[in-house]
Amino acid sequence: MSNKSNIAIVGAGLIGRVLAVSLGETHQITLFDRDDRQGSQSAAHLAAAMLAPLAESADSSRVVMQMGQRSLTLWPGILETLRKPVFFQQNGSLILTYEQDYGNLVDFGHRIKGEMGKDYTNLTSGQLAELEPELAQQPHTFKHILWLPEEAQLDNRELLESLAITLEQRNVVWHPNTEVSIENRQVVFDGQRRSFDWVIDCRGLGAKNQIVQTKPGKHKLRGVRGEVVRLYAPEVNLNRPVRLMHPRYPIYIAPKANHRFVVGATQIETEDQRQPTVRSALELLSACFSVHKGFAEAEILEIKSGLRPAFEDNEPKIRVDDTLIQINGLFRHGYLLAPAIAEQCVALIDSTLPKPPLFEHLIEFTENRHD
């Protein structure tokens, strides 16, 4: 192969766009997606885009945490290459609980894979007042608080837009609103069948029936429901994401620029694609109000639900079938893991480059291994 390959990326959600930017300066990229250029139907468009490897480690493996930590080092460099600024914040995150749910916080602290005093710590009410003055002024005083200082977040929709603008300015060939299938490692669309040096399948649940089974019967792809509320709350000032322990699931409040907030729950084990239920909406909104009374007058901008692709072990997979690469199963960790996954994929294609030292065990090869 020459150094410059002709690469098709099928699926222009988050990972597809990050890959297209990562590979676009050294390879010829053609991007396909059945969605529009805004990615409005993608899981990436719904997400809160919190970059929280330690908090997520309570319910994920150490490898996912390490990949998230690697991604935290990569995001600033990726954002610098984009043509439009993206909100990015690394002010850490807070885990709060009410007295009646204190046991949930203790359990959470036992499950996260960091070291107390080094990676996270307990805060007093006075220390909370220094970090989040308005939380300390609320009628309900939070007495049990965990502080995770290294965690970050970004604005998902600003990022998707900036990635799209960057790709357009680099003259990447992009086929939006296009139904695509992959047959014998060729891309079939609009009555055409095209061959590429590499085909990278990043369609998430859109690839559910086309996942290459390196281990028959294993790693079945499923959808996991998430529900998100977007608010405009000019009376609320928070400096970092906050997670509130809840009997059913932790609820997060992620502050974006200009008093906009993304509020959601981590996961619901169902492929139900209805709009959010009354129960979920009430839980999310009442949690906001209980954390900060200023949310009482917040404007509800949007309430939506969506499905995120996950394998049985909730870990991502990179599957290689000759010149077809399938990237899937990022679960609720899309923004957390995308840069590390893209880095591994780039190293796989540019085989002359040294491979990143971690995460190679996530790559599964069929018998048609490409050398």
Side-chain angles (χ1 to χ4, degrees), residues 13-15 17 35-36 38-52 55-56 59-60 68 86-89 93-96 151-161 204-205 222-233 236 238 240-292 294-296 298-310 314 330-338:
L14 173 64
I15 188 65
R17 296 183 194 211
D35 202 352
D36 55 30
Q38 289 72 43
S40 55
Q41 302 302 312
S42 68
H45 192 263
L46 185 69
M50 293 189 298
L51 313 176
E56 290 298 315
D59 296 304
S60 62
V86 175
F87 170 82
F88 176 84
Q89 178 194 75
S93 63
L94 294 170
I95 317 296
L96 308 177
E151 308 210 314
Q153 63 159 332
L154 51 80
D155 188 300
N156 63 317
R157 295 183 181 176
E158 285 185 1
L159 176 65
L160 292 174
E161 180 186 7
L205 286 172
R222 76 190 195 281
V224 180
R225 179 180 171 92
E227 299 178 330
V228 173
V229 179
R230 290 178 179 268
L231 304 172
Y232 172 60
V236 179
L238 295 178
R240 55 190 50 80
V242 172
R243 295 185 190 230
L244 179 67
M245 291 292 104
H246 183 276
R248 281 217 298 158
Y249 34 61
I251 291 173
Y252 58 77
I253 304 171
K256 308 301 181 182
N258 302 317
H259 297 280
R260 282 168 166 76
F261 296 82
V262 181
V263 184
T266 54
Q267 69 183 68
I268 303 173
E269 282 291 342
T270 177
E271 291 191 347
D272 185 350
Q273 297 192 58
R274 295 179 301 157
Q275 290 299 308
T277 63
V278 169
R279 177 182 181 181
S280 293
L282 287 172
E283 287 180 344
L284 295 178
L285 294 173
S286 62
C288 284
F289 177 68
S290 70
V291 169
H292 194 302
F295 281 113
E299 178 184 356
I300 299 175
L301 302 176
E302 180 181 290
I303 303 180
K304 282 191 174 182
S305 63
L307 300 180
R308 295 159 291 186
N314 293 336
L330 272 68
F331 188 36
R332 67 180 189 225
H333 304 134
Y335 286 89
L336 179 64
L337 303 183

### Query
Can you list every salt bridge (charged side-chain N to carboxylate O under 4.0 Å, His left out) pair that touches residues 40-51, not counting sequence neighbours?
none

### Task
Let me see the working for Val262 and Lys256 under side-chain contact (heavy atoms from CB on, under 4.5 Å), right down to the final yes or no.
CA-CA 7 Å; Val262 181; Lys256 308 301 181 182; 3.9 Å; yes

Sequence neighbours left out, what passes side chain to side chain donor-acceptor pair (under 3.5 Å) with [X]? Give chain and number order.
X	value
Gln89	Gln153
Arg240	Glu132
Asp35	none
Ser93	Glu151

Hey, what do you get for [atom1] ([X]) to [atom2] ([Y]), rounding to the nearest 0.5 Å?
X	Y	atom1	atom2	answer
Leu96	Met245	CG	CE	8.5 Å
Ile95	Tyr252	CD1	OH	13.0 Å
Gln273	Leu205	CD	CG	8.0 Å
Phe331	Arg308	CZ	CZ	6.5 Å
Leu337	Leu51	CG	CG	10.0 Å
Phe295	Leu284	CZ	CG	11.5 Å

Any donor-acceptor pair under 3.5 Å from [X] side chain to [Y] backbone:
X	Y	result
Asp36	Gln38	yes
Ser60	Glu56	yes
Glu158	Phe87	yes

#### Entry: Residue Glu269 excluded, over 12 heavy atoms near CD under 6.0 Å
yes

Report yes if some heavy atom in the side chain of [X] is under 4.5 Å from a heavy atom in the side chain of [Y]; otherwise report no.
X	Y	result
Leu244	Ser290	yes
Ile253	Leu231	no
Glu271	Leu307	yes

### Which residues share a salt bridge (charged side-chain N to carboxylate O under 4.0 Å, His left out) with Glu227, sequence neighbours left out
Arg225

Could you report the tightest heavy-atom contact between [X] and [Y], atom names first, then the distance?
X	Y	result
Ala310	Val224	CB-CG2, 4.0 Å
Arg230	Asn156	NH2-OD1, 3.2 Å
Val263	Cys288	CG2-SG, 3.3 Å
Gly13	Ser42	CA-CB, 4.5 Å
Tyr335	Ala44	OH-O, 2.7 Å
Leu46	Gly306	CD2-N, 3.4 Å

### Query
Stepwise, does the side-chain contact (heavy atoms from CB on, under 4.5 Å) test hold for Arg157 with His45?
CA-CA 6 Å; Arg157 295 183 181 176; His45 192 263; 3.3 Å; yes

### Task
Kindly indicate, with the supporting measurements, whether the criterion side-chain contact (heavy atoms from CB on, under 4.5 Å) is fulfilled by Leu14 and Leu159.
CA-CA 9 Å; Leu14 173 64; Leu159 176 65; 3.8 Å; yes

### Message
Pair Phe261, Leu301 - check side-chain contact (heavy atoms from CB on, under 4.5 Å), show working.
### Response
CA-CA 10 Å; Phe261 296 82; Leu301 302 176; over 6 Å; no

### Query
Looking at Thr277, Thr270, Asp272, which one forms a side chain to side chain donor-acceptor pair (under 3.5 Å) with Arg274?
Asp272

